[in-house]
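Only this structure's heavy atoms are used, side chains among them; waters, hydrogens and symmetry mates stay out.
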Amino acid sequence: MITFFKKHPGFIAPSVILIITIFAAMNGDGRIFWFSIGLGLVKLIWESIQKIREGRWSLDYIAILAMATSLVSPEYYLAGAIVALMITLSGALEEFGAERAEASLQALLDRLPKNVLVKENTSFVERPIQSIKTGSVIFIKTNELVPLDGFLRAKSATITTANLTGESLPVELQLNDFIKSGSINTGPAFELETSVTFDTSSYQKIIKLVEESKKHPANIVRLAQKFNWPFTAVSLVVAGGTYALTQDFGRTLAVLAIATPCPLLIAAPIAFLGGMSKGAKKTIIMKKPAVLEILSRATTIFLDKTGTLTLGQPTLISIALYDKNVDENHAIVIAAAVEMHSLHPLARAMTAERAKRSLPELMAKDVNEIIGQGISGYVEGSTYRIAKSVEPEEGGIALDMEKDGKRIARFIFADELKNNAKEFLAKIKKHYKVALITGDSQENANRLFGSEGITIHAHCTPEKKYDIIKRARDAGEVVVMVGDGLNDAPALALADAGIVFSGTENSASIEAASTAILGHDVMLVEEALSLSKRATSIALQSIVIGIGLSLVGMGFAAAGFISPVLAATIQEIIDVGVTINALRASR
């Protein structure tokens, strides 16, 4: 029990009030109820003072008035005590619901180690993670979370990126491969040379998003709080009118007891925190609850191409052969032997294709690379040179491979569509205006998306993307921008809601966007749109239900059909009901 109260201190006050109320009822001394009512008043008035200091004037005026009114006569003490119990219990339930909704977000923070083993001279010493500098070598144990971005300094390693991408399958890495913080080492321990500090690591960026998400109330929450004024006014009019017509304190107190606006104030925050929690479980991190409400009203979606709808990395799509003695596989083996010594993206694509086809690995000698001019090497008794083709290739990039000065093969690379990109477009264009804004050529954009029935803006600079977003917003559209790279940052910041796919070099985009998707699954954009609509619907539904039931109850109370005690009990049932309904958003 003690452990429970330490974990959930919000339940202390209602528990104490409940004990005092039961004792007072059993003892028969009505004055003991004053302690229950007094504790409820003190707690509520203190919370009200805190809200006023923060500039928030949407308070539980009705609950304060109801408890104060109950002190007029001993016959109403029990009703006042129940109101005190219900109002403090509602606050505890709100805190409990928020804790539950934020649990998956907090899990991100809890996984990060506070200290790491860093190599100093010939041994490893434990140091605080904040003290680790770029270029340090740290030791990552089996099943440990990688705390900082860096390069593998072991022959091989096995990691999972489920924290970052949602993909549970292990990834096999080789010496010098880049590893993002947040990955889990599922293989033997290894050494990692850090490429960032704690504050600039990929995982720390995620944590900052999580922390920032708790600081901003959603628009709909503020809207619900605005409803409190007219609702309070109506409640006071009904209560005042009831007393003026009947001169009955009991009926007046019953109206006030059932009019406490708890469901109005707690339903929306719980629903939106639940939506954020559900998104986090699916690797969708939203900076603030307001994003859900904005996404639910979206009318137009702009999509970047590279890294958003495509894989964002070159892939070998075809091979042309000019030597009858060379087949495709042999050409790839030779090219990979030379290209494995290069860090160029096309070189990585070539070596990836060799691995994909499970072809044998050869070693090249005397490798020489001149940036911008190509790379050459000696393989199987001959000299091979690979360079960008002088002949243009429509819709891709071409590399020519020469053997002893004679062209023998041509490799054509292009950025491929993500597996579910077309399925994603088919889904969202049913409900939104969809347009592609890309820096790529019109020809290549048309090759990939010309048959999808969406508007295509090609040759877009960051400034042009910004202007397109601005024109759409000026026309009254609620705009969502989905991007991936640094050149998308201005458009992401200008859009009503920006969604960015996480990467290793897009910190500016993550900062500009309101939502970050960890990984590269484009269907998670549709998932974010869907859960935003659901969370908003549940929030509004809870508000309407809470107000409606309270208004109906006030009518019955004014007519004398509900006693003050029963009114307070009914109000708590309403509170619990709308809270449970709002919690559906996290499921």
Asker: Under 4.5 Å between any side-chain heavy atoms of Ile138 and Arg127, yes or no?
Answerer: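 Heavy-atom side-chain distance check fails, nothing below 4.5 Å.
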Asker: Any heavy-atom pair between the side chains of Tyr432 and Val480 that's under 4.5 Å?
Answerer: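 With C-beta onward as the side chain, the pair stays apart.
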Asker: Does the side chain of Phe424 reach to within under 4.5 Å of the side chain of Leu309, using non-hydrogen atoms?
Answerer: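 Yes, side chains in contact.
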Asker: Could you tell me the separation between the NZ atom of Lys465 and the CD1 atom of Ile437, rounded to the nearest 0.5 Å?
Answerer: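 Those atoms lie 5.5 Å apart.
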Asker: In Å and rounded to the nearest 0.5 Å, what is the CG to CZ distance from Leu494 to Arg473?
Answerer: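 One finds 5.5 Å between CG of Leu494 and CZ of Arg473.
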Asker: Can you tell whether the side chains of Lys406 and Asp323 come within less than 4.0 Å, N to carboxylate O?
Answerer: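 Answer for the salt bridge query: no.
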Asker: Could you tell me whether the side chain of Ser181 and the main chain of Val146 form a donor-acceptor pair under 3.5 Å?
Answerer: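 No, Ser181 side chain to Val146 backbone: no donor-acceptor pair under 3.5 Å.
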Asker: Backbone N or O of Phe198 within a donor-acceptor pair of the Ser201 side chain at under 3.5 Å?
Answerer: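 Looks like yes, one N/O pair under 3.5 Å.
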Asker: Verify the neighbour count for atom NZ of Lys470: are there more than 12 heavy atoms of other residues, nucleotides or ligands below 6.0 Å?
Answerer: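 Atom NZ in Lys470 is not crowded, with 12 or fewer foreign heavy atoms closer than 6.0 Å.
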Asker: Taking side chain as C-beta onward, heavy atoms only, is Lys119 less than 4.5 Å from Phe139?
Answerer: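 No. Closest side-chain heavy atoms not under 4.5 Å.
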Asker: Verify side chain to side chain donor-acceptor pair (under 3.5 Å) between Asn368 and Ser376, making sure each step is shown before the conclusion.
Answerer: CA-CA 5 Å; Asn368 180 39; Ser376 61; 4.7 Å; no
Asker: Looking only at non-hydrogen atoms, find the nearest pair between Gly279 and Leu531 and report the distance.
Answerer: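 That would be CA-CD2, 3.8 Å.
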Asker: Applying salt bridge (charged side-chain N to carboxylate O under 4.0 Å, His left out), can you list everything that pairs with Glu361, at least two apart in sequence or on another chain?
Answerer: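 For Glu361 the salt bridge (charged side-chain N to carboxylate O under 4.0 Å, His left out) partners, ignoring immediate neighbours, are Arg354.
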Asker: How many angstroms lie between atom NZ of Lys403 and atom OH of Tyr384, to the nearest 0.5 angstrom?
Answerer: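 Rounded to the nearest 0.5 Å, the NZ-OH separation comes to 4.0 Å.
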Asker: Where the side chain of Lys418 meets the backbone of Thr308, is there a donor-acceptor pair that is under 3.5 Å apart?
Answerer: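 Side chain of Lys418 to backbone of Thr308, a donor-acceptor pair under 3.5 Å: yes, one is there.
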Asker: What are the two closest non-hydrogen atoms of Thr310 and Phe449, and how far apart are they?
Answerer: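 Smallest heavy-atom distance, with atoms named: CG2-CZ, 4.5 Å.
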Asker: Is there side-chain contact between Met276 and Leu292, with at least one heavy-atom pair below 4.5 Å?
Answerer: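 In short, these two side chains touch, coming nearer than 4.5 Å.
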Asker: Count the heavy atoms of every other residue, nucleotide or ligand shown that sit under 6.0 Å from CG of Asn329, and state whether that count exceeds 12.
Answerer: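 Atom CG in Asn329 is packed in, count exceeds 12.
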Asker: About how many Å separate CD1 of Ile140 and CD1 of Ile184, when rounded to the nearest 0.5 Å?
Answerer: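 With rounding to 0.5 Å, CD1 (Ile184) is 10.0 Å from CD1 (Ile140).
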Asker: Tell me if a side-chain donor or acceptor on Thr194 pairs with a main-chain N or O of Ser136 at a distance below 3.5 Å.
Answerer: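 Judged by distance alone, yes, a pair lies under 3.5 Å.
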Asker: Closest heavy-atom contact between Lys305 and Leu448?
Answerer: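 Heavy-atom minimum between the residues: CD-CD1, 4.0 Å.
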Asker: Going through the checks in order, is the side-chain contact (heavy atoms from CB on, under 4.5 Å) test met by Lys141 and Asn185?
Answerer: CA-CA 7 Å; Lys141 300 176 183 178; Asn185 177 23; 5.7 Å; no
Asker: Check whether any side-chain N or O of Asn420 sits under 3.5 Å from a backbone N or O of Glu423 as a donor-acceptor pair, and report yes or no.
Answerer: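 No, the answer is negative, given that no donor and acceptor are paired below the 3.5 Å cut-off.
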Asker: Looking only at heavy atoms, what is the nearest atom pair of Asp400 and Ser389, with distance?
Answerer: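 Between these two residues, the closest heavy atoms are OD2-OG, 3.1 Å.
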Asker: Taking all non-hydrogen atoms of both residues, which atom of Gly135 and which atom of Glu193 are closest, and how far apart?
Answerer: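 Result for this residue pair: O-CG, 3.8 Å.
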Asker: For Lys282, look at atom NZ and say whether over 12 heavy atoms of other residues, nucleotides or ligands are found less than 6.0 Å away.
Answerer: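 Atom NZ in Lys282 is not packed in, count stays at 12 or less.
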Asker: To the nearest 0.5 Å, what is the distance between NZ (Lys356) and CD (Glu353)?
Answerer: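 Going from the NZ atom of Lys356 to the CD atom of Glu353 covers 5.0 Å.
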Asker: With Ser530, which residues qualify under side-chain hydrogen bond (donor to acceptor under 3.5 Å, both in side chains), at least two apart?
Answerer: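 With neighbours one apart ignored, the set is Glu526.
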Asker: Would you compute the distance between atom CE of Met286 and atom OG of Ser532 and round it to the nearest 0.5 angstrom?
Answerer: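 One finds 6.5 Å between CE of Met286 and OG of Ser532.
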Asker: Tell me, do Lys388 and Leu399 make a side-chain contact under 4.5 Å, heavy atoms counted?
Answerer: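 Touching, per the 4.5 Å side-chain cut-off.
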Asker: Heavy atoms only: give me the nearest Lys114-Gln130 pair and the separation to one decimal.
Answerer: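 In terms of heavy atoms, the two residues are closest at O-OE1, 4.4 Å.
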Asker: Are Ile301 and Val525 packed together at the side-chain level, in the sense that at least one heavy-atom pair is separated by less than 4.5 angstrom?
Answerer: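 Result no, sub-4.5 Å side-chain heavy-atom pair not found.
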Asker: For the backbone of Thr383 and the side chain of Asp404, can you confirm whether one donor and one acceptor N or O come within less than 3.5 Å of each other?
Answerer: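 Side chain of Asp404 to backbone of Thr383, a donor-acceptor pair under 3.5 Å: yes, one is there.
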Asker: Do Arg153 and Asn176 come close enough that some side-chain heavy atom pair is under 4.5 Å?
Answerer: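 They are in contact (side-chain heavy atoms under 4.5 Å apart), so the answer is yes.
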Asker: Checking Ser195 now: which residues fulfil side chain to side chain contact (heavy atoms under 4.5 Å, CB included) with it, not counting sequence neighbours?
Answerer: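 Side chain to side chain contact (heavy atoms under 4.5 Å, CB included) check on Ser195 returns Asp149, Phe151, Phe178.
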